[in-house]
Amino acid sequence: MILTETMNFGQARQASTALKSGTFKFPESNVFSVPDAPSTEKTTTANKTEESKPMFAFKGAVLMESPWREMDWTAEHRKTLMEKITSYKPSCQEVPQARVLLLGPVGSGKSSFISSVQSVFDGRVINRAMVGSSSTGFTKKLQSFPIRGQKGEEPSALVLCDVMGLGEGQTTGLTLHDTLAVVKGHAPEGHKFSPEQPVRSETAGYMKKPSLRDKMHCVVFVVDASKLTSYHKGLGITFQQLREHISDLGVHQVALLTHVDQVCQETARDVTQVYKSSAIQKLITEAAALLGMSPSYIVPVRNYSCELALEEGTDVLLLSAVDHILQYVQLYFQDHLAPETKFQSS
């Protein structure tokens with residue numbers, strides 16, 4: 001018997017207390033059995049019949065005794081990560097900034113991640129990359145966002161790049177052709193994407209011979225933890241094709257699992273529990289299968305959305321994701337640059 005399927009958190013806690021004291025009475029509208037298939041049971045309120053729907057879609061919030069990944073959640077580690085990111089420099093003299101491309105379905109949280117990372121360094125929640133709720137996505141152009149350091153500090157050498165969301169096949173959203181044009185550095189900044197008008201040599205601002213600084217040095221796939229089981233079937237094929245072609249270009253790829261607070265009640269209450277959550281560990285595995293990559297490439301994040309103030313645990317998770325990305329950016333330079341073009345270590 002499920003007691004909280006139509007209750008909010010406050011009601012659930014009250015019910016729990018009443019159960020322990022023996023004073024709880026089961027209201028008819030909150031009592032139902034668990035069927036083998038989704039319930040079609042109706043309830044009538046004020047002469048209006050509606051289908052009963054759960055208020056939350058939380059998966060079983062089972063916390064392990066030990067985390068399945070280790071994480072330092074202290075303020076000192078947050079400071080260390082911020083310093084590490086702001087002091088980062090590409091190991092190549094001709095590349096002043098590391099360019100990282102975020103790819104994912106509409107609503108996966110690409111733009112929110114960019115804004116959330118910048119929020120950490122600004123010391124307040126901001127929306128630097130425009131975020132919308134349109135079913136077709138808010139981002140239509142190639143936009144580059146250099147991550148600024150804290151006030152009074154030099155800008156970091158990290159640029160996060162946002163593009164149109166991936167769609168179904170080649171008829172909606174960012175196409176495979178245009179994605180590769182961006183990774184190779186052919187697509188100009190501000191280019192507005194359209195499946196009917198692919199990036200070509202005739203495109204205004206097209207870069208025929210992009211330099212190393214114009215190319216993408218890492219690709220980050222972004223998937224929504226709350227939508228993993230509802231993504232259309234063709235998305236997995238799209239990811240596989242993208243990974244194959246991007247890998248052929250020698251560009252490393254990692255992934256972010258967003259909205260983890262929407263799939264685990266304990267993580268929603270305390271983000272530092274994310275690596276003790278069996279539900280999120282399972283979703284990491286499912287995301288790995290969807291993307292065709294090892295779970296070790298995928299990290300969970302919680303973006304700022306409705307919050308007005310920063311939270312230390314959320315900051316650490318975001319900064320750790322950026323640090324994870326930069327490790328693979330460095331691999332790109334190590335794999336592709338001749339020894340004489342690298343900075344000599346002291």
Side-chain angles (χ1 to χ4, degrees), residues 97-119 125-148 158-208 210 214-224 226-227 230-232 234-239 241-243 245-246 249 251 253 255-256 258-259 291 301 303-306 325:
Q97 296 174 311
R99 293 173 59 78
V100 174
L101 177 64
L102 274 65
L103 290 176
V106 172
S108 58
K110 299 184 285 84
S111 302
S112 293
F113 176 73
I114 295 172
S115 292
S116 296
V117 170
Q118 188 58 68
S119 294
V125 178
I126 63 167
N127 287 314
R128 188 177 179 196
M130 299 297 289
V131 180
S133 57
S134 168
S135 61
T136 58
F138 196 84
T139 304
K140 304 294 183 183
K141 302 177 180 180
L142 170 60
Q143 296 177 289
S144 301
F145 297 92
I147 299 303
R148 303 185 299 262
L158 172 64
V159 178
L160 298 179
C161 302
D162 200 6
V163 289
M164 171 186 266
L166 300 173
E168 300 184 24
Q170 299 295 303
T171 58
T172 60
L174 191 69
T175 64
L176 173 62
H177 171 87
D178 283 358
T179 300
L180 296 179
V182 173
V183 176
K184 294 176 182 179
H186 293 302
E189 178 71 15
H191 174 76
K192 188 172 183 179
F193 297 97
S194 170
E196 293 78 25
Q197 297 180 332
V199 177
R200 302 174 186 239
S201 57
E202 297 81 13
T203 299
Y206 181 88
M207 304 185 71
K208 295 182 178 180
D214 301 315
K215 299 178 180 181
M216 295 297 165
H217 309 124
C218 182
V219 170
V220 179
F221 292 106
V222 185
V223 291
D224 183 344
S226 68
K227 297 179 181 178
S230 61
Y231 280 139
H232 59 83
L235 185 60
I237 297 175
T238 298
F239 280 133
Q241 291 177 335
L242 285 168
R243 281 190 32 76
H245 286 83
I246 294 171
L249 298 175
V251 179
Q253 304 127 62
L256 304 177
T258 61
H259 300 113
L291 294 165
V301 294
N303 293 331
Y304 287 112
S305 55
C306 60
I325 292 168

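All values below were derived from every heavy atom in this structure, side-chain atoms included, with hydrogens, water molecules and symmetry-related copies excluded.
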Residues at least two apart in sequence or cross-chain that pass ring pair (Phe, Tyr, Trp, His ring centres under 6.0 Å) with Phe239, listed by chain then number, are Phe221
Contacts of Gln253 meeting side-chain hydrogen bond (donor to acceptor under 3.5 Å, both in side chains) (sequence neighbours excluded), chain-then-number -> Arg243, Ser247
With sequence neighbours left out, the residues meeting ring pair (Phe, Tyr, Trp, His ring centres under 6.0 Å) with Tyr231 are none
Is the shortest side-chain heavy-atom distance between Leu103 and Ile246 below 4.5 Å? yes
Pro195 and Gly173 have their tightest heavy-atom pair at CG-O, 3.6 Å
Across all chains, not counting sequence neighbours, the side-chain hydrogen bond (donor to acceptor under 3.5 Å, both in side chains) partners of Gln197 are none
In this structure, OG1 of Thr258 is separated from NZ of Lys110 (nearest 0.5 Å) by 10.5 Å
Contacts of Lys192 meeting side chain to side chain contact (heavy atoms under 4.5 Å, CB included) (sequence neighbours excluded), chain-then-number -> Lys140, Lys141
Side chain to side chain contact (heavy atoms under 4.5 Å, CB included) filter on Leu249, not counting sequence neighbours, yields Leu180, Val183, Lys184, Val251
dist Gln97:CD -> Arg99:CZ (nearest 0.5 Å) comes out at 8.0 Å
Contacts of His191 meeting ring pair (Phe, Tyr, Trp, His ring centres under 6.0 Å) (sequence neighbours excluded), chain-then-number -> Phe193
side-chain hydrogen bond (donor to acceptor under 3.5 Å, both in side chains) filter on Thr203, not counting sequence neighbours, yields none
Sorted by chain and residue number, the ring pair (Phe, Tyr, Trp, His ring centres under 6.0 Å) partners of His186 (sequence neighbours excluded) come out as Tyr206
Applying side chain to side chain contact (heavy atoms under 4.5 Å, CB included) to Val125 and not counting sequence neighbours gives Ser119, Tyr304, Leu310
